[in-house]
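Numbers restart at 1 for each chain; the letters A, B, ... are given by sequence-line order, proteins then strands. The shown structure was predicted, so the numbers you read here are calculated from the model rather than taken from an experiment.
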Amino acid sequence: MIHTLLPLKATFDACHALSDDEWHTIIVQGIKMEQPKHREHGDYAVNISFLARYTKLAPPVIATTLLPHLNIQGFTATAIGGFINFKATETSLLETLLPTLKGTQQAGQNTSKQNERLHLEFVSANPTGPLHLGHGRWAALGDSLRRIWQHNGAKVVTEFLVNDYGQQMTNMANSVWFRALEHLKLAPFPIPVEGEKFLYYPGAYVTDLALEYLEEDHNTQAITHIFEQEGAKRLEQLASKELLFELRNISRNAMLQLQQDLLKRFRTHFDIWQLESHLHLSGVVEKTLDRLKSKGVTFEEDGALWIKSTEVGDDKDRVLVKSDGSYTYLTADVAYHDDKFNRAEHFTSIVNIWGADHHGYVSRITAAMQALGHDPQRLVIILGQLVNLVVEGEKTRMGKRKTMLTLEDVIEEVGVDAARFWLVSRSADSTIEFDVDLATSASDENPVFYTQYAHARACGILRNAFNKIVDLETGEESPARFNKKDYEAFKKGITAEAWETLLLKPFEGNPQAYNKVRETILLLVSFTERVEDAGRVNAPHLIARYALDLSSDFHSLYAACRVLCDDPQEALARLLLVDVLRLTLAQALDLLGVTAPEQM
RNA sequence: GUGCCUGUAGCUCAGUUGGAUAGAGUGUCGGCCUCCGAAGCCGAAGGUCAUGCGUUCGAGUCGCAUCAGGCACACCA
């Protein structure tokens, strides 16, 4: 389109004063192909009103002047007002569906990201308890992005950082210790502590861990022994260092296993499970710290080591090493990101999905990466808003020590398909409010069934075409309409022209049906573009929307027009359309990690 | 107080880089099973796009202000 317009400067008298470069810039920046909201305006449209400033002509005049010069293969163009509308020929539309139909290419597959190597980190929960619904949102979002990017030709590595190093793991171990004491009737849970603020995890899974630990007799004896020896000391010292270390590892392993199993069940794939403790033990953290020091971006104050993050856009300088010599969480995270930047794959983008509660963190990490000499453009942070729970009409924030709705509970209640579809069908920018009392509505009224039903329906039609027909009242059998081999042969040999004749010509006297069929074809054709968009703007919800739109078109078409009609050739042509639709719908659902059942 | 996100139909939410008449599901009301699954289809009602000003030929979309809600502002992780 742009290419066609570039030589047309001479068409307008007022434009002679412009240089070719100026004209070029105007056209390139001004011309945008868009899809009109109303189909009577064509399949695609270009608004040329912006040329009025340069040509000193009214937009409709410009449009009609340009029109004769626009001969674009596969399209017919018309000028209305300030718009030039393009209508694709049916043959060209059907042509683009052939690769999907014939199985030479997956629906929507494209190369828009073929030069990208993407690293995606998401979920990254603490191994101190089960995953909750909020984690589920990141899992659904991240995993869908992985699928979409891959469909766009990118190489993607997904990674989960296991935060198994900090204070929260000690709290976890202590919690198990307390539960063990409670079970042995040595102390109540929680143990009241004077003047000490002590965090502990109250969940039943902690008790389970303690009980499991106590099943070994020598463990029971050890705990009893330690308690008797050191019972009078301060609370944190109750459990000996060795025991705490052991309980930490046991808890970490058990919780990690729990999370891994659940994420697998949630069809969320991670290539790498990175232990934070490993970053410390292997010296990665120290190495990054040394590099920061050598870059001269650190300074000492009040006995702590700081990074001058304000010099690269942060609003405060941050502590890296506390005055007691231990590292802050930031230090470990900076090291982790530094490590990701340094990996052999040399990722084009390093993407993180964070909850909105971490947004204050963006400038710090970005600043640190810049200080380390990395291109901050390569770091992409997707901030997702949180999931709030509504319990008995009141909002509560979800958190480990507050009201919790585990992802497992939700899956049990509504199933993986409904949960994933529901979580991923709204934009990451909007806060989700989940009414626990209406949890079933996330199930019964879930639009995922609407779209799954469309898929099952399409499969049903294909089944009917190849199966014997049994009269339910008389029990009489008549032979199947088609046999599979003939259909496959027909499919293999079909051309866009022949398909168009059989599919659309019969509807020429019936504009309503004709438009329904055409609409459906057009939507099928636009799938690739939608997959590209969803990948470009990191928005899987566009795919969810698409699946619903396509389902709606199909249900409507189904009601208006019988696929297995009397004319066998026409029926075959319609079956082909149903086939493409089935494949496209299944692909859309797969990009969201949702199954496409053949019957329901 | 400062920063980020949000405010669109009764409810839950779409609306990609500004474009032609504002979109869907759900709910409400009214129709449709003598042919491929009614988990469906067809139709109706329902809107000051939070409010005001601005930029533009053109604003739900961009800017500023106000109001309302969410989140964050540690030598915690």
Given the [atom1] atoms of [N] and [M], what is the spacing between them in whole Å?
{"N": "B:G15", "M": "B:C5", "atom1": "P", "value": "16 Å"}
{"N": "B:G25", "M": "B:U21", "atom1": "C1'", "value": "22 Å"}
{"N": "B:C41", "M": "B:C49", "atom1": "C1'", "value": "30 Å"}
{"N": "B:C53", "M": "B:A59", "atom1": "P", "value": "13 Å"}
{"N": "B:C67", "M": "B:C11", "atom1": "C1'", "value": "23 Å"}
{"N": "B:C64", "M": "B:U2", "atom1": "P", "value": "15 Å"}
{"N": "B:C71", "M": "B:U28", "atom1": "C1'", "value": "36 Å"}
{"N": "B:U26", "M": "B:A45", "atom1": "C1'", "value": "15 Å"}

Rounding to a whole Å, what distance do you find between [X]:[atom1] and [N]:[atom2]?
{"X": "A:H358", "N": "B:A74", "atom1": "NE2", "atom2": "P", "result": "14 Å"}
{"X": "A:Q599", "N": "B:C36", "atom1": "CD", "atom2": "P", "result": "16 Å"}
{"X": "A:H455", "N": "B:C36", "atom1": "NE2", "atom2": "P", "result": "20 Å"}
{"X": "A:K316", "N": "B:A74", "atom1": "NZ", "atom2": "C1'", "result": "8 Å"}
{"X": "A:E276", "N": "B:A77", "atom1": "CD", "atom2": "C1'", "result": "8 Å"}
{"X": "A:R318", "N": "B:A77", "atom1": "CZ", "atom2": "C1'", "result": "15 Å"}
{"X": "A:F449", "N": "B:A39", "atom1": "CZ", "atom2": "C1'", "result": "9 Å"}
{"X": "A:R364", "N": "B:C76", "atom1": "CZ", "atom2": "P", "result": "12 Å"}

Identify, with sequence neighbours excluded, every residue that meets side-chain hydrogen bond (donor to acceptor under 3.5 Å, both in side chains) alongside A:S349.
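A:S349 satisfies side-chain hydrogen bond (donor to acceptor under 3.5 Å, both in side chains) with no residue once adjacent residues are dropped.
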
Side chain A:R481, main chain A:N464, donor-acceptor under 3.5 Å
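It does not hold such a pair.
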
Taking A:D314's backbone N and O only, do any of them form a donor-acceptor pair with A:R364's side chain (distance below 3.5 Å, no angle check)?
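No; zero donor-acceptor contacts below 3.5 Å.
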
Nucleotide nearest A:L386 when distance is taken to its side chain, options B:C71, B:C36, B:C75
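Out of B:C71, B:C36, B:C75, the nucleotide with an atom closest to A:L386's side chain is B:C71.
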
Sugar-phosphate, base or nothing in reach of [X], heavy atoms under 4.0 Å:
{"X": "A:S556", "result": "sugar-phosphate"}
{"X": "A:D324", "result": "nothing"}
{"X": "A:A356", "result": "sugar-phosphate"}
{"X": "A:H359", "result": "base"}
{"X": "A:C561", "result": "base"}
{"X": "A:R457", "result": "sugar-phosphate"}
{"X": "A:Q452", "result": "nothing"}

Could you work out, with ring pair (Phe, Tyr, Trp, His ring centres under 6.0 Å) as the rule, every residue matching A:H359, not counting sequence neighbours?
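A:H359 satisfies ring pair (Phe, Tyr, Trp, His ring centres under 6.0 Å) with no other residue.
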
Test item: side-chain donor near acceptor, A:T528 and A:N110, under 3.5 Å
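Their side chains do not contain a donor-acceptor pair, so the 3.5 Å distance test is not met.
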
Please tell me whether A:N126 and A:T128 have a donor and an acceptor in their side chains that are separated by less than 3.5 angstrom.
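Looking only at side-chain atoms, A:T128 and A:N126 do not form any donor-acceptor pair under 3.5 Å.
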
Can you tell me how the ring of A:H358 sits relative to the ring of A:W354, calling it parallel under 30°, perpendicular over 60° and tilted otherwise?
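Correct class here is tilted.
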
Side chain to side chain contact (heavy atoms under 4.5 Å, CB included) against A:E598, all qualifying residues, sequence neighbours excluded
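Partners of A:E598 by the side chain to side chain contact (heavy atoms under 4.5 Å, CB included) criterion, ordered by chain and then number, come out as A:C459, A:R463.
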
Does the cation-pi check pass for A:R457 over A:F554, that is, NZ or CZ under 6.0 Å from the six-membered ring centre and within 45° of its axis?
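Verdict for A:F554: no cation-pi partner in A:R457.
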
Distance below 4.0 Å between A:Y558 side-chain N/O and B:A38 OP1 or OP2:
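A:Y558 to B:A38 OP1/OP2: side-chain N or O found under 4.0 Å.
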
B:A77 OP1/OP2 closer than 4.0 Å to side-chain N/O of A:K322
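Yes, A:K322 has a side-chain N/O under 4.0 Å of OP1/OP2 on B:A77.
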
Syn/anti state for B:C35 [syn: chi within 90° of 0]
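Judged by the O4'-C1' to base torsion, B:C35 sits in anti, the angle falling more than 90° away from 0.
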
Any salt bridge between A:D533 and A:R530, counting N to O under 4.0 Å?
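A salt bridge is absent here (no side-chain N lies under 4.0 Å from a carboxylate O).
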
Range-with-range stems of RNA chain B (Watson-Crick or G-U pairs under 3.5 Å, three or more in a row):
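The stems are B:1-7 with B:67-73, B:10-13 with B:23-26, B:28-32 with B:40-44, B:50-54 with B:62-66.
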
Return each pair, listed once, that meets side-chain hydrogen bond (donor to acceptor under 3.5 Å, both in side chains) where at least one residue sits in residues 326-335 of chain A; pairs must be two or more places apart or across chains.
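Every pair satisfying side-chain hydrogen bond (donor to acceptor under 3.5 Å, both in side chains) with a residue in residues 326-335 of chain A: A:N163-A:Y329, A:D324-A:S326, A:T328-A:T331.
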
Heavy-atom protein contacts under 4.0 Å, nucleotides 13-25 of chain B, coded B base, S sugar-phosphate only, - none:
SSSB-SBBB-SS-

